[in-house]
J.: 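Let me give you the structure first, and then I'll get to my questions.
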Amino acid sequence: MGKYNALFSELKLGNKTLKNRIALSPMGDNKADYNGGMTEGYMAYYERIAQGGAAIITPGVLCVDWPMGKATANTLRMDDVRYAYEYSLFADRIHKHGALLIPQIHHAGPQTTAFVTGLTPKTVSDVTPDHAPHKTYRSMGPQDELTVEEIKGIVQKFVQTAAYCKTANCDGVTLHAAHGYLISSFISPDINKRTDEYGGSFENRFRFATEVVKAIKGVCGENFPVSLRYSVESKMKGFCEGAMPDEVEGKDYKEAGRNMAESEKAAKYLQDAGYDMLNADNGTYDSWYWAHPPMY
């Protein structure tokens, strides 16, 4: 293997040992049934990847707050203990190939619609930012700004879902804090315009993410690994005005959002709060070229 020896070497993660350094990052799969339940297609899809040798399997998303927090109609849910049993059967299928199962737990926040959830979506701030996706979602209907009491309730929903995942014999959880969804919206200074303890300063914008991990560790134990999927660079160019790329070609670009300097500070801050691993991603739906660069 030569220069790739490190890639195939073991690595400790909490009280778990990874057989190599290869991990499947989460992607939208839309393989749940319409009620958020497990399907054979879901299990077979990820089991096949585990057979291929990856050390960590992280499926798409597990909704912590059904139906309010689901982003698509076919989102898997883990908001009740009754879903833990079928997920434990899925975990068995992943474990038999020597892989760890670390599901991604998720709340859509403002990036969903009443058409999907049947409810008025919740947003971090009752303002319309200059971001194309957020403008689009808000144009589809009203959104209610979260109260502090509601925020505390959603923290507990994340914790409860993590506990159900542990009951289902999962090896940890990843929190989705990228791409403009709920936790990402709290972190982003361009979306989060709150003036209470959840907005403004760096510490306040990261308060939700740190409260969740501390509470999960308190319930699930220090040895239960918790990862955060985090957009390291989320600067938006041109899209800030709601324009498409062909409309801004040759014009001055406007940049906004997180940058590497804040992310370097955040990485240490999140580690100190209790996160065991960062799943480093880039971009938001406003700047998708960060996550999916063009072929050239």
Side-chain angles (χ1 to χ4, degrees), residues 11-16 18 21 23-26 56 58 61-62 64 69 100 102-109 111 124 146 151-152 154-163 165-166 170-192 194 196-235 256-284 287 290-291:
L11 181 68
K12 292 290 291 183
L13 178 63
N15 63 349
K16 305 291 184 180
L18 309 183
R21 317 262 179 126
L24 172 72
S25 288
I56 296 177
T58 300
V61 294
L62 272 180
V64 305
L100 303 185
I102 302 180
Q104 178 181 236
I105 60 179
H106 173 266
H107 194 298
Q111 291 193 167
V124 169
L146 287 162
I151 292 170
K152 299 294 186 184
I154 296 175
V155 169
Q156 292 308 310
K157 289 180 185 294
F158 272 94
V159 176
Q160 191 64 74
T161 293
C165 288
K166 185 176 182 181
C170 295
D171 302 290
V173 291
T174 289
L175 274 62
H176 196 334
H179 308 152
Y181 294 110
L182 183 68
I183 304 178
S184 175
S185 293
F186 273 110
I187 292 172
S188 172
D190 302 290
I191 298 173
N192 185 350
R194 300 181 70 95
D196 57 18
E197 65 264 41
Y198 288 96
S201 68
F202 173 92
E203 291 76 14
N204 284 355
R205 288 187 287 110
F206 280 84
R207 187 179 303 279
F208 185 90
T210 57
E211 285 184 348
V212 171
V213 70
K214 290 175 182 177
I216 290 175
K217 291 290 187 175
V219 170
C220 297
E222 289 297 323
N223 286 324
F224 187 71
V226 183
S227 170
L228 189 79
R229 190 178 193 198
Y230 178 80
S231 292
V232 176
E233 292 267 13
S234 64
K235 292 182 292 186
R258 284 193 305 282
N259 56 29
M260 183 60 74
E262 177 169 288
S263 291
E264 288 178 356
K265 178 181 178 181
K268 180 66 166 59
Y269 190 77
L270 292 164
Q271 175 181 286
D272 291 345
Y275 285 99
D276 300 280
M277 181 169 61
L278 285 183
N279 183 323
D281 203 338
N282 271 328
T284 67
S287 54
W290 282 99

J.: Does Glu197 have any side chain to side chain contact (heavy atoms under 4.5 Å, CB included) partners at least two apart in sequence or in another chain, and if so, which?
T.: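 Partners of Glu197 by the side chain to side chain contact (heavy atoms under 4.5 Å, CB included) criterion, ordered by chain and then number, come out as Val148, Arg207.
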
J.: Looking only at heavy atoms, what is the nearest atom pair of Val124 and Ser185, with distance?
T.: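 The pair with the smallest heavy-atom distance is CG2-CB, 3.6 Å.
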
J.: Please identify which of these residues, Ile105, Val64, Val213, meets the side-chain contact (heavy atoms from CB on, under 4.5 Å) condition with Leu175.
T.: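 Filter result, single survivor: Ile105.
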
J.: Less than 3.5 Å apart, which donor and acceptor atoms pair up between the side chains of residues 216-229 and the rest of the protein, not counting sequence neighbours?
T.:
from, atom 1, to, atom 2, distance (Å)
Lys217, NZ, Glu222, O, 3.1
Lys217, NZ, Phe224, O, 3.0
Lys217, NZ, Asp276, OD2, 2.6
Ser227, OG, Met277, O, 3.3
Arg229, NE, Asp281, OD2, 3.4
Arg229, NH1, Pro26, O, 3.4
Arg229, NH2, Pro26, O, 3.3
Arg229, NH2, Asp281, OD2, 2.8

J.: Do the ring planes of Phe206 and Tyr230 sit parallel (below 30°), tilted (30 to 60°) or perpendicular (above 60°)?
T.: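 Plane angle between 30° and 60°, so tilted.
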
J.: Quick one: list whatever passes side-chain hydrogen bond (donor to acceptor under 3.5 Å, both in side chains) with Glu211, sequence neighbours left out.
T.: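 Result, side-chain hydrogen bond (donor to acceptor under 3.5 Å, both in side chains) vs Glu211: Lys152, Tyr198.
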
J.: Looking at every heavy atom in both Tyr181 and His107, which two are closest together, and how far apart are they?
T.: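 The answer is CB-O, 3.6 Å.
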
J.: Could you tell me the separation between the OG atom of Ser263 and the NZ atom of Lys268, rounded to the nearest 0.5 Å?
T.: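 The distance works out to 15.5 Å.
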
J.: What do the steps show when you test Leu146 against Leu182 for side chain to side chain contact (heavy atoms under 4.5 Å, CB included), and what is the final call?
T.: CA-CA 11 Å; Leu146 287 162; Leu182 183 68; 3.9 Å; yes

J.: Do the non-hydrogen side-chain atoms of Thr58 and Ile56 ever get within less than 4.5 Å of each other?
T.: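 The answer is yes, as the side chains (C-beta and beyond) meet within the 4.5 Å cut-off.
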
J.: Of all residues at least two apart in sequence or in a different chain, which pass the side-chain hydrogen bond (donor to acceptor under 3.5 Å, both in side chains) check with Asp196?
T.: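 Asp196: side-chain hydrogen bond (donor to acceptor under 3.5 Å, both in side chains) contacts with Arg194.
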
J.: Report the residues that fulfil ring-ring contact (aromatic ring centres under 6.0 Å, His included) with Phe158, sequence neighbours left out, ordered by chain and then residue number.
T.: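 Phe158: ring-ring contact (aromatic ring centres under 6.0 Å, His included) contacts with Phe208.
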
J.: Go through the steps to decide whether Ile183 and Val212 satisfy the test side chain to side chain contact (heavy atoms under 4.5 Å, CB included), and finish with yes or no.
T.: CA-CA 10 Å; Ile183 304 178; Val212 171; 5.6 Å; no

J.: Distance from Lys16 atom NZ to Asp171 atom CG, nearest 0.5 Å?
T.: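 CG of Asp171 is found 4.5 Å from NZ of Lys16.
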
J.: For Lys12, check side chain to side chain contact (heavy atoms under 4.5 Å, CB included) against everything at least two apart and list the hits.
T.: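 Per chain and number, Lys12 pairs via side chain to side chain contact (heavy atoms under 4.5 Å, CB included) with Thr17.
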
